[in-house]
Amino acid sequence: MPQMKRTPLACGAALERPFFARPTVTVARALLGKLIVHGNRAGRIVETEAYLGIGDGAAHSARGVTPRTRVIFGPPGFAYVYMVYGMHYCLNVVAEQEGQAGCVLIRAVEPISGIALPCNGPGKLTRALGITMKQNATDTTVGPIRLFTEDNGEVLRIRTSPRVGITKSSDLPLRFFIEGNPFVSR
DNA sequence: GCTATGATCATA
DNA sequence: ATGATCATAGCA
């Protein structure tokens, strides 16, 4: 614990709509190091994955609008939550302009406050933050899940790799994480 | 209606 | 490597 000293909680500005209205990969990288807050629980995003639209076989949005994927085609900055394997929830943040598919899976966060469970995996972090389908399709700029910059001009070392746990389009380098961070998954 | 398939995780 | 467990999507 002593070796990972950080400024107490330099919570900066809330992320606004234009932050999310950018290419999905840009948003996926930009979300690293940002703070995510739900109720009294807060963490720092250390690992993300980009899921594109048509053409990305691994993305839920690959085959167009369905009841489930509707939010991914909606306004940027909204939360897309879904259940995987019948027992875990995954949290995404919608990117791109409204009408364009694209979202960013939050894969791991570093606990900052109010967190009592491991956060090094997409299913674990939703559990630790108390996120369920109730938060699906909520607006992160005004809703229960909020995102903030962390005001400590630290320059992040970002690494890239293929996405985890998928079978289609598994060669694309769309996973991003903070190099050396101990809270990255696996 | 029926079935296959997971953007996972814990256990062994 | 395997099992838990269920919403979604595609098809009949």
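In what follows, chains are A, B, ... by sequence order, proteins preceding strands, each numbered from 1.
Both key distances under 3.5 Å define a Watson-Crick or G-U pair, and stretches of 3 or more such consecutive pairs in DNA chain B run B:1-6 with C:6-11, B:8-11 with C:1-4.
Mapping A/Lys168 and A/Pro118 onto DNA chain B by nearest heavy atom places A/Lys168 closer to the 5' end of the strand. Of the two residues near DNA chain C, A/Met133 and A/Met87, the one whose nearest nucleotide lies more 5' is A/Met87.
With respect to the salt-bridge test (charged N to carboxylate O, under 4.0 angstrom), the residues A/Arg107 and A/Glu49 qualify.
A 6.0 Å sphere centred on CZ of A/Arg159 holds no more than 12 heavy atoms belonging to other residues, nucleotides or ligands. Other residues, nucleotides and ligands contribute at most 12 non-hydrogen atoms within 6.0 Å of the CD atom of A/Gln97.
We find that OH of A/Tyr89 is positioned 10 Å from C1' of C/dA7, with the value rounded to whole Å. Protein atom CZ of A/Arg68 is 13 Å distant from nucleotide atom C1' of C/dG10, rounded to whole Å.
Nearest heavy-atom pair, A/Ser185 versus A/Asn120, reported as atom, atom and distance to 0.1 Å: CB-O, 3.3 Å.
Annotation: A/Phe78 is not in aromatic contact with A/Tyr80 [ring centroid separation under 6.0 Å not met]. Between A/Tyr51 and A/His60, a ring centre-to-centre spacing not shorter than 6.0 Å is recorded.
When heavy atoms are screened at a 4.0 angstrom cut-off, A/Leu105 is found touching base atoms of the nucleic acid. Looking at heavy-atom distances under 4.0 Å, A/Gly86 makes contact with a base.
Taking a heavy-atom distance under 4.0 Å as the criterion, the stretch of DNA chain B touched by chain A extends 5' to 3' from B/dG6 to B/dA10.
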Less than 3.5 Å apart, which donor and acceptor atoms pair up between the side chains of residues 15-35 of chain A and the rest of the protein, not counting sequence neighbours?
from    : atom 1 : to       : atom 2 : distance (Å)
A/Arg17 : NH1    : A/Pro76  : O      : 2.9
A/Arg17 : NH1    : A/Asp139 : OD1    : 3.1
A/Arg17 : NH2    : A/Asp139 : OD2    : 2.8
A/Arg17 : NH2    : A/Thr141 : OG1    : 3.2
A/Arg22 : NE     : A/Phe19  : O      : 2.8
A/Arg22 : NH2    : A/Phe19  : O      : 3.3
A/Thr24 : OG1    : A/Glu96  : OE2    : 2.9
A/Lys34 : NZ     : A/Ala30  : O      : 2.8

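Transitive grouping of hydrophobic side chains (ILVMFWY, heavy atoms separated by less than 4.5 Å) keeps A/Leu129 and A/Val94 in distinct clusters.
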